[in-house]
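Read through the structure below, which is laid out as structure tokens, and then see the notes.
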Protein chains: 2
Amino acid sequence: MAVTIIDVAREANVSPSTVSRVIADSPRISEQTKRKVREVMERLAYHPNFQARNLAAKSTKTIGVIMAHSTSLAFQNPFFPEVIRGICTSAHSSHYGIYLSTGGTEEEIYQEVVSMVQGRKVDGIILLYSRMSDRTMNYLKDSGFPFTMVGRPYQYEDEITYIDNDNKKIAHEVVDYLCSLGHEQIAFVGGNLDYVVSSDRLEGYRQALIEAGLSYSDAYFIHDDGFKSKGKSAIHDLMKQEIPPTAIVAHDDLVAYEIIRYLEELSIQVPKDVSIVSFNNHALSAYVKPPLTSVDISIFELGFEATNFLLEMVSNPEAEVKSHFVSTALIERESCRRMK
Amino acid sequence: MAVTIIDVAREANVSPSTVSRVIADSPRISEQTKRKVREVMERLAYHPNFQARNLAAKSTKTIGVIMAHSTSLAFQNPFFPEVIRGICTSAHSSHYGIYLSTGGTEEEIYQEVVSMVQGRKVDGIILLYSRMSDRTMNYLKDSGFPFTMVGRPYQYEDEITYIDNDNKKIAHEVVDYLCSLGHEQIAFVGGNLDYVVSSDRLEGYRQALIEAGLSYSDAYFIHDDGFKSKGKSAIHDLMKQEIPPTAIVAHDDLVAYEIIRYLEELSIQVPKDVSIVSFNNHALSAYVKPPLTSVDISIFELGFEATNFLLEMVSNPEAEVKSHFVSTALIERESCRRMK
DNA sequence: CTGAAAGCGCTTACAG
DNA sequence: CTGAAAGCGCTTACAG
């Protein structure tokens, strides 16, 4: 059996309570006793048992990280490693651990979250996505359990602490950028509208068009479903219209790459014939041909700040609800050209 | 306070022991009692407390997943989400959870692993990497704690259960492929040789050259360090030799993309002037220009099988050491050409 | 088939 | 500054 607090206590000639206090570095224990106990802990290679400590202290020092279900965005792309890195960095510096959801379906994830909070498996939860109407989020909100979202919640925006990019604004800026280059026919290839990030970007695109005196047209919008199932013909149809777009905004760099390939098959060149901008600025976007103009969304920050917020809530249940938009930057490369 | 087993027992007019047995679905409890107790659990929305259960049962039903430290390969690229997906799939179906390492440095990771095993935080551990000489691995091996590696261990190969691709073999095959296209000057841009995956691939490349009657030359090898710090000039030097290579094997698709860009700057075209093959077959490799010929390494399987192996070891400590090479496939696209 | 009791390894009022 | 004792919420021999 592993060495316990009792073994240490006996060996150090103190009580278990004292050993416990030394572990917690309580100020009520003399330096001398601490030294003695620590020496024994070292010698016996004592390590506190987490389960016992958590049970007694009613805290787990771990946070639950919930991924969107596997068929969705989060998994395919480089977003995930980078948020995780942000989360780990913050968690580690506060001596918290990370428990990852494993469920593949929405229902499995919901069940996992319920058992995490009811079973006190974690002290708080980070939702790595934000969807239109999400049972898991609603449960969390109603439970009063500390949680934080990476992504603006669709409802209850001022009751939930979250971190996000200002997606409406950056989509707006992207359109403005294209306008400033002289584009007037601007299409949008969107993501899954079930996710708030996608609908926000679409909304920003729409507003920008209107404010620029251009009008929004369904003919210039390809949604996620359509693109996934028949991307090639969708792009084909888009470009074969009477007045084809001269610029395309893509929801994500991965989508942009795919579009570029389809355009090539149609002998349409980027940026000569059509410009393209997208979001997320993947590591590869600089290497691809043409190097992609894309909005960097500070993924690391998103994870890092979401964790900081959560940890605040955990340590102070009275903490007020807050939210923060992480800064972004349009990285100009070579996929857009100026219309003369 | 949350509802406990005691509340359920009282409400159902049975003893706590009985409730506990119903939770475990013990065959020694009558169906009738089970029904009654379950009805009460449902009604009171009872959820077992993990910490208490784990402490009493001496098992955590969670596995620790240890990532390589952040500055290394694992994080940058799409490998990570995909192994995790494999791990989650296996773990979830066995009702295991996942605890992720958060440490950034080698030392932090080592400390985490020690406290995970000594503190009984997890039932088993998966190491997501394999390095030349790794304190963490040595500790795990000596501790007798169940663990599994994604990657062939450098030492103690027949004492450690692991999953990997047959990296020597696939590198060999890639060279054979290039030879079959008529190439005789084949260069290699490798990964960090501290990782076994990189040294295995280099070794396979070397052997294949020798077996093909070509000779290995340092002038055709660029290692990780050199490529990271001055990739551009390294590629420049490589191609400006008296007899430049007609083909390049790259350690990873991301590296291949970068090489292609440097070649372009030198006005060297792929595959017209030089062919390129790489490993890992990222999602993007089909979209890039030129579409990349790459070896698919079944990342999902790697994670999935590593977890299956681990779970076997956890449930049966007498299980014998095993290892398995997950199958791979050379995906031919358009980055290689036949020499006439 | 079911229950009373001990125990898992800690923490934390309470008392001194 | 330190200790004795109760308790965190379960599981599991042991007994019947």
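Protein chains get the first letters and strands the later ones, always in sequence-line order, with residue 1 at the start of each.
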Secondary structure of DNA chain D per the Watson-Crick/G-U criterion (both distances under 3.5 Å; [ ] crossing, | other strand, . unpaired) is |||.||||||||.|||

Here the distance between atom P of C:dG9 and atom CG of A:Asn54, to the nearest Å, is 14 Å

Checklist entry - Given the C1' atoms of C:dT12 and C:dG16, what is the spacing between them in whole Å? => result 16 Å

Rounded to whole Å, the CD1-P distance (A:Ile5 to C:dG7) equals 18 Å

Discussion item. Between D:dG9 and D:dA13, how many Å separate the two P atoms, rounded to a whole number?
Written reply: 23 Å

Worksheet item: Is it true that B:Arg38 and B:Asp25 have a side-chain N and a carboxylate O under 4.0 angstrom from each other?
Response: yes

Can B:Arg43 and B:Glu39 be counted as an ion pair, charged N to O under 4.0 angstrom?
yes

Atom CD of B:Gln51 and atom P of D:dC10 are separated, to the nearest Å, by 11 Å

From CD1 of A:Ile6 across to P of C:dC10 the rounded distance in Å is 8 Å

Could you list, one pair per line, each protein nitrogen or oxygen that sits under 3.5 Å from a nitrogen or oxygen of nucleotides 2-6 of chain D, together with the distance?
residue : atom : partner : partner atom : Å
D:dT2   : OP1  : A:Thr33 : OG1          : 2.4
D:dT2   : OP2  : A:Ser30 : N            : 3.1
D:dT2   : OP2  : A:Thr33 : OG1          : 3.2
D:dT2   : O4   : A:Arg28 : NH2          : 2.9
D:dG3   : OP2  : A:Ser15 : N            : 3.0
D:dG3   : OP2  : A:Ser15 : OG           : 3.2
D:dG3   : OP2  : A:Thr18 : OG1          : 2.5
D:dG3   : N7   : A:Arg21 : NH1          : 3.2
D:dG3   : O6   : A:Arg21 : NH2          : 2.6
D:dA4   : N7   : A:Ser17 : OG           : 3.3
D:dA4   : N6   : A:Ser17 : OG           : 2.8

Closest non-hydrogen contact found for A:Ala91 with A:Leu311 is CA-CD2, 4.4 Å

Okay, side chain of B:Thr307, backbone of B:Ser90: is any donor-acceptor separation there less than 3.5 Å?
no

Worksheet item: When you check the phosphate oxygens OP1 and OP2 of C:dT11, does a side-chain N or O of A:Ser20 lie under 4.0 Å from one of them?
Response: yes

Rounded to whole Å, CG of A:Leu55 lies from C1' of C:dT11 at a distance of 10 Å

Review point. Where do B:Ile87 and B:Phe304 land on the side-chain contact (heavy atoms from CB on, under 4.5 Å) test, with the steps shown first?
Key: CA-CA 5 Å; B:Ile87 293 172; B:Phe304 188 76; over 6 Å; no

Sequence neighbours excluded, the answer for salt bridge (charged side-chain N to carboxylate O under 4.0 Å, His left out) partners of B:Arg10 is B:Asp7

Here the distance between atom C1' of C:dG9 and atom CG of A:Asn49, to the nearest Å, is 6 Å

note: A:Lys58, atom NZ; D:dC10, atom C1'; distance rounded to Å ~ 12 Å

Is it true that the NZ or CZ of A:Lys141 lies under 6.0 Å from the centre of A:Phe147's six-membered ring and within 45 degrees of the ring axis? no

Are the charged groups of A:Glu106 and A:Arg135 less than 4.0 angstrom apart, N to O? no

**Prompt:** Are A:Arg131 and A:Asp194 ion-paired here, with the side-chain N under 4.0 Å from a carboxylate O?
**Reply:** yes

Taken to the nearest whole Å, CE/A:Met41 to C1'/C:dG9 is 15 Å

